[in-house]
Amino acid sequence: MIEKSAWRKRLKARRRALSPSQRQRIARALPTRFAQQARAGKARRVGLFWPMPDEIDPRPLLQALVQRGVACYLPALPLRGRRLWFTRCDARSRWYHNRYQIPECRHPDRRRAEKLDLLLLPLVGVDRQGYRLGMGGGFYDATLASLRGRRAAGPWLVGLAYACQQVEALPVDPWDIRLDALLTEQGWQRFPAR
């Protein structure tokens, strides 16, 4: 089987092959696609992410959710370790750039992933069983480690990606946690229950 680093290279190339106009059109359609899933529409605390270059852009969805009164949270890097905090993003938030120059917000409402209803995760690739391939930094693996073995207690884990990022099978490590669903420009896909 191909190693994770080779998959990352291949799948990033697929992502880059999309034109800027395709990416913008897909991003603008996310609020409508998101609302097509009843469970997503009921979520009151939603974790999202700030897009890296070539990643699907959840900012139109973030804006639509905030306008609907949904509490939205973006990841914040910890001072030590790799377990992310999620900080509320609204009109009271103050913005800054973290050590990787990714925008983060400051807000009194900070929580761990397990306190969210739904968590949209960035990814480089995802397979047909719902295993996610990330950038390789281990931040989401560390963040979701507390959910291992007790998935019913945590948020609904949803990968957010372009359809071209899905493959048949990816290499899986023991610490990998499967997604519950995937949202792409083609709509929702639920993964088999664990």
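Values reported hereafter were calculated over all heavy atoms of this structure, with side chains retained and with hydrogens, waters and symmetry mates removed.
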Taking 4.0 angstrom as the limit, do Arg59 and Asp57 come out as a salt bridge? yes
Return the set of residues passing salt bridge (Lys or Arg N to Asp or Glu O under 4.0 Å) with Arg39 (not counting sequence neighbours), or none when no residue passes. none
Any non-hydrogen side-chain atom of Arg15 less than 4.5 Å from a side-chain atom of Glu55? yes
Going by heavy atoms in the side chains, are Asp173 and Asp141 under 4.5 Å from each other? no
Spacing of Leu84 atom CG and Tyr140 atom OH [to the nearest 0.5 Å]: 5.5 Å
Can you name the ring pair (Phe, Tyr, Trp, His ring centres under 6.0 Å) partners of Trp175, sequence neighbours left out? none
How would you list, by chain and number, every residue that makes a side chain to side chain contact (heavy atoms under 4.5 Å, CB included) with Ala163, sequence neighbours excluded? Thr184, Glu185, Gln186
Which pair of heavy atoms, one from Ala40 and one from Trp156, lies closest together, and at what distance? N-CZ3, 4.2 Å
For Tyr100, what residues pass the side chain to side chain contact (heavy atoms under 4.5 Å, CB included) criterion, not counting sequence neighbours? Leu77, Asn98, Ile102, Phe139
Report yes if the side chains of Ile56 and Leu30 come closer than 4.5 Å at any heavy-atom pair, otherwise no. yes
Could you give the distance from CG (Leu48) to SG (Cys72), rounded to the nearest 0.5 Å? 5.5 Å
Is any side-chain heavy atom of Leu179 closer than 4.5 Å to a side-chain heavy atom of Val158? no
Arg28: partners by side chain to side chain donor-acceptor pair (under 3.5 Å), with sequence neighbours left out: none
Flag the pair Pro122 / Met135 as yes when at least one side-chain heavy-atom distance between them is below 4.5 Å, and no otherwise. no
Tell me every residue that passes side chain to side chain donor-acceptor pair (under 3.5 Å) with Arg83, counting only those two or more places apart in sequence or in another chain. Glu114
Given side-chain contact (heavy atoms from CB on, under 4.5 Å), test Asp176 with Leu170 step by step and report yes or no. CA-CA 11 Å; Asp176 290 332; Leu170 288 168; over 6 Å; no
Not counting sequence neighbours, which residues clear side chain to side chain contact (heavy atoms under 4.5 Å, CB included) with Ser19? List them please. Ser21, Gln22
Among Leu120, Leu183, Leu160, find the residue that satisfies the side chain to side chain contact (heavy atoms under 4.5 Å, CB included) test when tested with Pro58. Leu160
Tell me whether Arg94 at atom CZ has more than 12 heavy atoms from other residues, nucleotides or ligands lying less than 6.0 Å away. no
Sequence-distant partners of Gln189, side chain to side chain donor-acceptor pair (under 3.5 Å), two or more places apart: Gln166
Write out all pairs satisfying ring pair (Phe, Tyr, Trp, His ring centres under 6.0 Å) with one or both partners inside residues 59-88, taking only residues at least two apart or from two chains. none
As an exercise, state the distance from CG of Leu182 to CG of Leu157, rounded to the nearest 0.5 Å. 12.5 Å
Would you check if Asp127 and Trp7 make a side-chain contact, meaning some heavy-atom pair closer than 4.5 Å? no
side-chain hydrogen bond (donor to acceptor under 3.5 Å, both in side chains) partners of residues 45-54, not counting sequence neighbours, each pair once: Arg23-Asp54, Arg45-Asp117
For Asp90 and Arg88: C-alpha separation, side-chain torsions, deciding distance, then whether salt bridge (Lys or Arg N to Asp or Glu O under 4.0 Å) applies. CA-CA 6 Å; Asp90 64 17; Arg88 188 154 180 181; 3.6 Å; yes
By the ring pair (Phe, Tyr, Trp, His ring centres under 6.0 Å) test, which pairs, at least two apart or in different chains, include something from residues 109-135? none
Heavy-atom check, side chain of Leu133 versus side chain of Arg8, under 4.5 Å: yes
With a 3.5 Å distance limit and no angle check, can you tell me whether Gln36 reaches the backbone of Gly187 through a side-chain donor-acceptor pair? no
Tell me the closest heavy-atom pair linking Arg44 and Gly69, and the distance in Å. NH2-O, 3.3 Å
Tightest non-hydrogen contact, residues Pro60 and Pro31, listed as O-CG, 3.7 Å
Nearest 0.5 angstrom please: Gln129 CD to Phe191 CZ, how far? 8.5 Å
Arg99 and Pro78 have their tightest heavy-atom pair at NH1-O, 3.4 Å
Glu104 side chain near Tyr96 side chain, heavy-atom distance below 4.5 Å: yes
Output all residues satisfying salt bridge (Lys or Arg N to Asp or Glu O under 4.0 Å) with Arg111, sequence neighbours left out; order by chain, then residue number. Asp109
How long is the gap from CZ on Arg33 to CG on Leu61, to the nearest 0.5 Å? 13.0 Å
So, taking the atom named OG1 in Thr143 and the one named CG in Leu119, what distance separates them when rounded to the nearest 0.5 Å? 8.5 Å
